[in-house]
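These notes are about the structure you will find just below.
Just so we're clear, the structure is a prediction, and the values are computed from it rather than from any experiment. Each chain gets a letter, A, B and so on, in the order its sequence line appears, and its residues count up from 1.
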Number of protein chains: 2
Amino acid sequence: MNQRRAVYLMCKSEESSVVRQFLARIGDKWSVLLVVILARTPGHRARFSELQRALDGISQRMLTTTLRNLERDGFVRREVFPEVPPRVEYELTRLGHSLIDPMEHLVQWIGTHWSSIKKARASFDDR
Amino acid sequence: MNQRRAVYLMCKSEESSVVRQFLARIGDKWSVLLVVILARTPGHRARFSELQRALDGISQRMLTTTLRNLERDGFVRREVFPEVPPRVEYELTRLGHSLIDPMEHLVQWIGTHWSSIKKARASFDDR
DNA sequence: CCGGATCCTGGTCGATACTG
DNA sequence: CAGTATCGACCAGGATCCGG
């Protein structure tokens with residue numbers, strides 16, 4: 001019970017709005033996946049086109065704006081190499097890397113409970 | 001490193017799409033907050049109007065649909081009391097309650113790193 | 001008191017075309 | 001190669017009204 005204090009405190013203050021803001025940002029269509037992909041890339045670096053291939057189905061526009069947002073929040077560092085043709089690499093920052101830990105817990109939870117969710121949905125939809 | 005296996009595996013399979021689906025559902029404007037509020041309510045139960053007061057600013061429509069979605073996923077149980085005026089109570093299921101644990105980690109992380117994010121944004125916006 | 005039905009608005013995301 | 005610009009479809013979500 002001790003362990004859950006932060007959640008219980010959350011609603012008392014404006015911390016709930018912070019959580020909402022955070023989820024609204026990182027909870028978009030591609031951000032989490034992008035961070036995860038960078039995390040598992042050797043060196044935690046990749047260039048634009050590599051990321052586009054890795055995130056199956058992402059449009060060029062969305063990759064750009066997702067990367068900009070992550071850069072703005074300090075999760076990703078952008079490095080431009082003055083070459084022709086241009087090369088741009090994105091690297092996970094220390095802050096971005098620290099995200100892996102809570103996400104790991106979430107992924108674990110999903111892995112354990114996803115079948116329960118699917119079952120609940122199926123039985124709910126029978127009505 | 002051992003601890004991070006699930007995240008690294010995630011991208012290999014279709015598990016990434018499961019994570020996306022999950023985040024898309026629970027990552028909406030009110031779901032997480034609603035679960036947290038129920039979790040901290042004595043008995044993990046509350047009626048519709050109590051929830052509406054607790055979630056400052058939520059519209060009646062969004063409270064209804066958010067509750068429906070959570071019920072469909074098996075996080076919340078709905079109980080109708082055949083009275084006049086009607087009374088409806090919502091209760092966190094065991095599955096819903098198990099969500100608290102990973103969310104706790106997330107909240108902890110946000111608490112620790114939110115100031116870093118704000119600083120990163122400020123310095124980014126100076127350009 | 002609870003919540004369904006409707007209408008409306010802004011924002012998110014994809015497609016496409018075009019630059020340095 | 002790595003973007004930017006523009007357009008349009010779609011949907012989350014708020015306001016409001018009504019009904020059991």
So does [X] get a side-chain nitrogen or oxygen closer than 4.0 Å to the phosphate oxygens (OP1/OP2) of [N]?
X: B:Thr64; N: C:dG3; result: no
X: A:Arg61; N: D:dA5; result: no
X: B:Arg53; N: C:dC1; result: no
X: B:Tyr90; N: C:dC2; result: no
X: A:Thr65; N: C:dC13; result: no

Provide, to the nearest angstrom, the distance between the [atom1] atom belonging to [X] and the [atom2] atom belonging to [N].
X: B:Leu34; N: D:dG13; atom1: CG; atom2: P; value: 13 Å
X: A:Leu63; N: C:dA15; atom1: CG; atom2: P; value: 14 Å
X: B:Glu83; N: D:dG20; atom1: CD; atom2: P; value: 20 Å
X: A:Asp28; N: C:dG10; atom1: CG; atom2: P; value: 22 Å
X: B:Asn69; N: C:dG3; atom1: CG; atom2: P; value: 14 Å
X: B:Gln52; N: D:dG13; atom1: CD; atom2: C1'; value: 14 Å

If only atom types and distance count, is the side chain of A:Thr41 paired as donor or acceptor with the main-chain N or O of A:Ala46 below 3.5 Å?
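Between the backbone of A:Ala46 and the side chain of A:Thr41 there is no qualifying donor-acceptor contact (under 3.5 Å).
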
Look at all strands and tell whether A:Phe81 reaches a base, only sugar-phosphate, or nothing, counting heavy atoms closer than 4.0 Å.
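Nothing, no heavy atom under 4.0 Å.
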
Look at all strands and tell whether A:Gln60 reaches a base, only sugar-phosphate, or nothing, counting heavy atoms closer than 4.0 Å.
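The residue A:Gln60 makes base contact.
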
Atom CE of A:Met62 and atom CD of A:Gln52: how far apart are they, to the nearest 0.5 Å?
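Here the interatomic distance stands at 12.5 Å.
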
Can you tell me how far CZ of B:Phe75 sits from OG1 of B:Thr93, rounded to the nearest 0.5 angstrom?
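That separation rounds to 7.5 Å.
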
Given that A:Lys29 and A:Pro86 both sit by DNA chain C, which one's nearest nucleotide is further toward the 5' end?
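Residue closer to the 5' terminus by nearest nucleotide: A:Lys29.
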
List the steps, then state whether salt bridge (charged side-chain N to carboxylate O under 4.0 Å, His left out) holds for B:Arg77 with B:Glu91.
CA-CA 5 Å; B:Arg77 188 165 23 251; B:Glu91 178 187 24; 3.5 Å; yes

